There are 2 protein chains.
Amino acid sequence: MKKGMRGKILSAAAALARDIGPGNLSLDAVASRAGVSKGGLLYHFPSKSKLLQALVEQHLSEFDAALNEKEKAHGGGSNSLVAAYLDLFVAEQALPPPTGVLAALAENPELLVPVSRFKRRLLDRLKANAKDENRALAVFLALEGMRSLRLFETDILTPAEREAVLGFLAMLTADPG
Amino acid sequence: MKKGMRGKILSAAAALARDIGPGNLSLDAVASRAGVSKGGLLYHFPSKSKLLQALVEQHLSEFDAALNEKEKAHGGGSNSLVAAYLDLFVAEQALPPPTGVLAALAENPELLVPVSRFKRRLLDRLKANAKDENRALAVFLALEGMRSLRLFETDILTPAEREAVLGFLAMLTADPG
DNA sequence: GTTACTGTACCGTCCGGACGGTATTGTCAA
DNA sequence: TTGACAATACCGTCCGGACGGTACAGTAAC
C-alpha cells in the first residue's frame with residue numbers, strides 16, 4: 001500500500017475538511033498539511049475543483065472495491081449483496097466519515113453527480129440480488145440514514161440502538177415473513 | 001402571515017445556498033438577494049455565523065410545529081407520532097430542501113448541534129409512542145435516508161420506489177407481524 | 001532531458017465585519 | 001402639542017486579510 005504524493009494530498013484534504021469544516025478548505029492549507037508546496041499541489045491537481053472531484057472519486061472507488069470483496073465472501077447467491085452491504089456498513093464505522101465528499105458538496109453540488117450515479121447503480125444491484133425488493137429498498141435507505149447521521153456529525157444513536165437496528169435489518173432481509 | 005425583513009433575509013439566504021452551493025454563501029450576496037443593504041443585513045444578524053444559526057433554528061422550529069400539528073390530526077394514540085412523521089415526510093417533498101442547514105454545516109459543523117439534539121429528542125418520542133421500538137427506529141432511519149438523498153441533491157428514487165417504500169414503512173408500523 | 005517537484009513572488013477578487021450616519025416611529029413629560 | 005429623547009431599521013463605505021490561481025526559476029533524481 002504505497003502512498004504517492006497524490007494520495008497524501010487527498011487524505012490531507014479529507015482530514016482538513018474534518019478539522020476546519022467542509023466549506024473552509026483552502027489550497028494553501030491543504031498543501032501545508034500534506035507537506036507539499038502550493039506549486040506542488042497544483043502540479044497534481046490543476047484546480048480546487050479537480051481536487052474535490054478526485055476526493056469524491058477516490059471515496060467511491062474504495063467503497064466499491066470493499067463492497068465487491070465482501071460480496072465475494074458471501075458467496076454471491078441470493079441476498080449476498082445485501083448482506084455484504086450490511087457488513088460493509090459495520091466495517092465503515094471504524095473509519096472516519098468521508099468529509100471530502102462534504103467539502104465537494106459545499107463547493108459545488110454538481111460534484112456529487114458521480115455519487116448519485118453510483119448510488120443508483122448500487123440500489124439496482126441490491127434490488128436485483130434481493131428476494132424482496134421492498135425490503136432491500138428499506139434496508140438501503142435505513143443504512144443511508146445512518147450514514148448521513150454520521151456524515152453530518154449528528155450521530156445520535158446509542159451503540160445498543162445501532163446493534164438493534166442492524167439486527168432488525170438483517171432479519172428483514174433473511175426472514176421470508 | 002406578514003414577512004418581516006428578517007424572514008426575507010432568511011429565505012433569500014436559503015435560496016442562494018441552493019443556487020450557488022452551500023459553501024459559497026456570502027453576506028453581500030444574501031443582502032442583495034434580500035433587497036437589503038449589507039448594513040441592514042448586519043443589523044439583523046450581527047455575523048455570518050448568527051445568520052446560519054438562525055437558518056438552522058428556523059428550519060427546526062418549522063419542522064417541529066408541522067409535526068405537532070400532524071400528530072394532533074392523528075389523535076395522539078399509539079403509533080400516531082410515527083404516522084404523523086410519515087405524513088410530514090410526504091408533505092415535505094413539495095418543499096425545497098433545507099439548503100440553509102447545509103450552508104451551516106459547510107461553515108461550521110458545530111452549528112448542527114441543535115439539529116442533533118432535536119433528532120435525538122424526536123427519536124425518543126417516536127420510540128416511546130411506537131408499539132415496536134425497533135420498527136420505529138428503522139422507519140426513522142429510512143426516512144432520514146430519503147431526506148439526506150434529497151438534501152444532497154442526489155435523489156435517485158423513482159416515484160414508484162418512493163411510494164413503495166412509504167407503503168412498506170406504513171405497514172411496518174401498523175402491522176403487528 | 002523528462003518527471004516531479006520546491007519556493008517565491010504576485011495579481012485580482014471577494015469577503016466578513018466594523019463604522020458612522022440617517023430616516024422613521026414611538027413615548028412621555030411639561 | 002410640543003420638545004426631548006430613544007429605539008428601530010436601515011444605508012454606504014471602508015479595510016485588512018484570505019483566497020484561487022499564475023508564473024517562473026531552480027533542483028535533484030532517474
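As the structure is a prediction and not an experimental result, all values here were calculated from the model. Labels below follow one simple rule: chain letters A, B, ... track the order of the sequence lines, proteins then strands, and each chain is numbered from 1.
- No contact: B:L41 has no heavy atom under 4.0 Å from any strand.
- Under the 30°/60° scheme for interplanar angles, the aromatic rings of A:F152 and B:F152 are found to lie parallel.
- Heavy-atom nearest nucleotides on DNA chain C were determined for A:G35 and for B:S49, and the one closer to the 5' end corresponds to A:G35.
- With rounding to whole Å, A:L51 atom CG is found 14 Å from D:dC19 atom P.
- As a whole-Å value, the separation of A:L27 CG from D:dG20 P is 4 Å.
- If you take CG of B:L42 and P of C:dG20, they are 14 Å apart, rounded to a whole angstrom.
- The shortest distance between the side-chain N/O atoms of B:S26 and the OP1/OP2 oxygens of C:dC14 is not below 4.0 Å.
- Residue whose closest nucleotide on DNA chain D sits further toward the 5' end, between A:G39 and A:E107: A:E107.
- Whole-Å rounding puts the B:F45 CZ to D:dA9 P distance at 12 Å.
- For C:dC5, one of the phosphate oxygens OP1 or OP2 lies less than 4.0 angstrom from a side-chain nitrogen or oxygen of A:H44.
- On a pure distance criterion of 3.5 Å, a polar donor-acceptor pair joins the side chain of A:K38 and the base of D:dG21.
- Between B:M5 atom CE and C:dT24 atom C1' the separation is 15 Å, expressed in whole Å.
- Backbone-only engagement by B:L25 is indicated by non-hydrogen atom pairs under 4.0 Å involving sugar-phosphate atoms exclusively.
- To the nearest angstrom, P of D:dC19 lies 14 Å from CG of B:N24.
- A salt bridge does not link B:E153 to B:R18: none of the charged side-chain nitrogens sits closer than 4.0 Å to a carboxylate oxygen.
- Atom-to-atom, CD1 of A:I20 to C1' of D:dC19 comes out at 12 Å; the value is rounded to the nearest Å.
- Across D:dG20, C:dC5, C:dG17, the shortest atom-to-atom separation from the side chain of A:V36 is found for C:dC5.
- Using a 4.0 Å cut-off between a side-chain N of Lys or Arg and a carboxylate O of Asp or Glu, B:E57 and B:K50 do not qualify as a salt bridge.
- One can place CZ of A:R6 at 16 Å from C1' of C:dT3, the figure rounded to the nearest angstrom.
- Taking side-chain N and O atoms only, B:S37 has no distance below 4.0 Å to OP1 or OP2 of D:dG12.
- We find that A:K70 and A:D87 are not joined by a salt bridge, their nearest charged nitrogen and carboxylate oxygen being 4.0 Å or further apart.
- Classified by interplanar angle (parallel below 30°, tilted 30° to 60°, perpendicular above 60°), the ring pair A:F140/A:Y85 is parallel.
- Under 4.0 angstrom from either OP1 or OP2 of C:dA4 there lies at least one side-chain N or O belonging to A:Y43.
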